[in-house]
Amino acid sequence: MIRKFTILFVVLWGLSLTSKADDGSRLWLKYDNAGHNVDIKLPNNSPTLRIAAAELQKGWQGEAVTLQLKKNKKLSQDGYTITKENNRIILSSPSEVGLLYATYHLLRAQYTGELPIAVVEEPIYSRRLLNHWDNLDGTIERGYAGKSLWQWDELPEKLSPRYEEYARANASLGINGVVLNNVNASPEILSTTYLKKVQRLADLFRPYGIQTYLSINFASPMAIGGLESADPQIAEVQKWWKDKAKEIYKMIPDFGGFLVKANSEGQPGPCDYNRTHAEGANMLADAVKPYKGVVMWRSFVYNPSDADRAKQAYLEFQPLDGEFRDNVIIQIKNGPVDFQPREPYTPLFGALPQTDEMVEFQVTQEYLGHANHLAYLAPMWKEFFDYVPPTSLDAIAGVANIGTDTNWTGHPFGQANWYAYGRLAWDPSLSSEQIAEEWLKQTFTTNKEFVVPVANMMLDSREAVVNYMMPLGLHHLFAWGHHYGPEPWCDIEGARPDWLPSYYHRATTEGIGFDRSSKGSNATAQYPDSLAAIYDDVATCPDELILWFHHVPWNHVLQSGRTVWDELCYRYNEGVSQARNMQQVWDKAQPYVDKDTFADVQSRLKQQTRDAMWWRDACLLYFQEYSKMPFPEGMERPIYELNDMKNFSIDIDNHTNAPNGYK
Ligand code: BDP
């Protein structure tokens with residue numbers, strides 16, 4: 001239950017942040033109170049409260065502030081109130097970290113022009129996590145903003161100043177847990193050598209209210225423990241994990257727990273020993289239970305031989321409901337395939353009434369143009385919450401988009417996705433628009449000549465990406481390997497069929513789309529009855545998802561009144577126009593933005609528009625081979641030949657894994 005009551009006193013602070021050169025490194029935390037000495041009262045001098053005081057001293061321009069620790073039966077631990085008494089602002093919370101959150105609330109309000117005088121806030125989830133897919137060698141799986149923040153070679157002796165900045169940014173949003181390493185986990189992370197490094201980071205994050213978690217490799221007892229098996233039913237294996245947990249908790253008493261990718265994409269797991277996911281998860285859960293740790297067990301599993309990939313997580317996990325320990329949380333990707341620009345929600349949500357569930361969003365834009373495309377993702381996450389009530393979940397995770405780049409996220413607007421994820425993890429009822437505006441005002445300027453059009457551009461951007469990449473429920477048309485450009489024709493000998501686009505689009509001269517209705521794979525039956533009926537019927541399935549759930553003839557008439565072929569042409573073109581439009585909006589933003597940031601975004605928008613045309617031409621020319629239908633009247637024509645498109649490729653820069661140009 002989220003309790004929330006805010007009275008806003010709107011004041012125009014007229015803060016403009018453009019006077020200074022700005023390399024993006026300060027994120028949305030550009031506090032500057034011009035040396036104003038703030039009168040602050042603290043209940044004690046703990047590290048957390050010292051951070052709160054320092055933040056206020058750095059950035060608060062208003063009256064005196066009192067922070068008070070106070071039991072409040074109506075508030076959860078992280079909750080807080082903000083009130084005003086006798087010319088003092090009173091921040092009150094049952095916990096120190098709640099006071100830190102209240103501090104950030106106050107500072108944010110100052111920049112968004114709304115001075116709160118009666119606020120009651122508490123987060124919807126007690127676990128709000130960021131997952132890093134960082135490898136121990138410094139690379140990041142699906143990372144597009146430089147290398148890993150964690151300087152494993154220097155730890156535990158040396159601490160990069162960025163760790164503290166990172167913790168601060170997370171705390172300012174209420175993110176309170178970080179998984180440091182990739183789900184494709186190296187067993188080494190559990191070695192004593194690495195645990196000492198992890199301990200150092202955990203110590204640093206603690207005052208910011210951040211708990212540390214690790215991804216583990218299920219075969220660790222073999223890889224680093226010298227055992228011959230990792231079978232969860234073997235006593236020695238169980239003991240190994242218990243001993244490991246003991247070692248970890250001795251070093252990190254508030255360690256959060258384990259994140260596990262098991263029996264997925266080649267990772268080891270309990271199924272290697274004919275055990276279930278529940279047996280594997282429970283063994284780990286038992287090991288961390290005495291210390292209040294949790295196991296976040298991922299449901300991202302699919303086998304090449306089995307039926308429809310979109311059905312597999314449900315098929316595997318739904319029968320296990322009721323078998324998991326109470327400190328296991330099943331971590332489920334928002335969509336049933338894999339972080340595509342648009343997917344329906346994964347039907348496993350709501351199908352495990354006796355098991356804790358959490359959603360995994362992807363903040364890094366693996367399938368939405370990497371760090372080159374502007375795609376503001378709050379609307380995508382809100383769309384998920386339209387179907388899966390936030391209160392039905394027990395926790396939330398987002399796969400981070402940050403790295404060692406000076407501005408943290410590569411694309412300056414990537415910061416907005418980190419910000420939006422954190423804000424929604426605290427309060428999923430916030431609107432995409434409010435979050436965009438908050439971020440813009442704190443990051444650039446409060447001037448509404450800038451904020452209004454740029455927020456609108458952000459709000460349309462994800463739909464633009466869907467349009468020029470994969471409209472109407474198309475999915476996974478990506479080029480082999482890098483998941484950046486289009487390759488609907490991709491066919492690699494010997495490749496798993498469910499890693500090839502044709503598995504998903506199923507284009508023939510008859511029609512296009514994946515029949516997941518009751519006449520096909522029957523994935524629709526995994527949804528609650530009312531929704532299943534809508535998705536199952538080609539006449540009621542929304543156009544946005546039609547090719548996800550149905551295989552339809554090219555001349556099938558959609559709800560829009562157009563044929564599938566015409567609608568595809570229309571949407572791909574719409575996507576290109578939307579990208580072009582973003583360029584125009586951004587040009588008008590020039591007076592309000594640091595010169596280098598302006599040029600950087602401008603150049604990325606050029607690339608985005610070129611890519612949009614690449615996507616449109618590649619997909620339409622390819623599908624036209626099957627539809628054999630002409631482009632609709634009045635529609636802009638492709639400027640490439642299909643063969644050009646087939647030979648078109650990009651270089652992936654080894655360092656950032658980001659595409660850096662065309663060949
Ligand atoms: C896919 C990524 C792959 C990840 C996998 C996962 O392509 O790199 O390891 O998901 O989530 O989206 O486990």
Side-chain angles (χ1 to χ4, degrees), residues 129-137 139-145 148 179-187 189 213-219 258-269 271 277 280-281 295-304 309-310 312-313 316-317 329-343 346 348 358-371 375 377 380 384 396-401 403 417 421 465 469-470 475-485 487 490 492 495-496 498-501 503-504 652 656-659:
L129 278 88
L130 211 51
N131 292 357
H132 289 267
W133 284 1
D134 294 18
N135 299 311
L136 303 187
D137 66 2
T139 58
I140 305 179
E141 179 146 348
R142 314 303 177 184
Y144 313 106
S148 170
V179 181
L180 295 176
N181 60 321
N182 192 357
V183 287
N184 296 315
S186 161
I189 192 74
Y213 299 70
L214 293 175
S215 294
I216 59 102
N217 182 303
F218 199 79
F258 297 137
L259 172 61
V260 193
K261 172 175 177 177
N263 293 114
S264 163
E265 300 184 333
Q267 292 299 317
C271 309
H277 283 275
V295 171
M296 295 166 295
W297 191 272
R298 296 175 89 228
S299 70
F300 181 66
V301 297
Y302 60 102
N303 287 317
R309 171 168 168 186
Q312 294 189 32
E316 185 86 43
F317 281 85
I329 313 175
I330 304 301
Q331 180 163 319
I332 309 167
K333 290 189 182 185
N334 57 290
V337 168
D338 192 7
F339 298 136
Q340 299 299 294
R342 169 164 283 124
E343 296 190 38
T346 305
L348 195 54
M358 64 193 286
V359 62
E360 177 179 318
F361 290 137
Q362 198 181 40
V363 188
T364 189
Q365 291 169 229
E366 173 180 358
Y367 294 104
L368 287 104
H370 297 188
L377 302 180
M380 181 163 86
F384 168 82
I396 187 165
V399 180
N401 62 345
N417 289 331
Y421 166 70
V465 177
M469 284 189 184
M470 281 166 281
H475 48 294
H476 235 311
L477 305 184
F478 291 98
W480 183 260
H482 55 68
H483 295 169
Y484 182 78
E487 214 172 270
C490 174
I492 291 188
R496 286 174 61 149
D498 56 358
W499 281 358
L500 294 174
Y503 174 90
Y504 300 98
I652 298 290
T656 62
N657 200 24

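Numbering of ligands and ligand atoms starts at 1, following listing order.
- Not counting sequence neighbours, the partners of Ser148 by the side chain to side chain donor-acceptor pair (under 3.5 Å) test are Asp134.
- The closest side-chain donor-acceptor pair between Arg496 and Tyr503, if any, does not fall under 3.5 angstrom.
- Residues passing the salt bridge (Lys or Arg N to Asp or Glu O under 4.0 Å) test with Glu366 are Arg142, sequence neighbours excluded.
- Side-chain polar atoms of Gln267 and Asn184 form a donor-acceptor pair below 3.5 angstrom.
- Residues satisfying the salt bridge (Lys or Arg N to Asp or Glu O under 4.0 Å) criterion with Glu487, sequence neighbours excluded, are absent altogether.
- The protein residues lying under 4.0 angstrom from ligand 1, judged by non-hydrogen atoms, are Trp133, Glu141, Arg142, Val183, Asn184, Lys261, Glu265, Arg298, Phe300, Lys333, Asp338, Glu366, Tyr367, His483.
- Distance alone, capped at 3.5 Å, is enough to place a donor-acceptor pair between the Tyr421 side chain and the Gly398 backbone.
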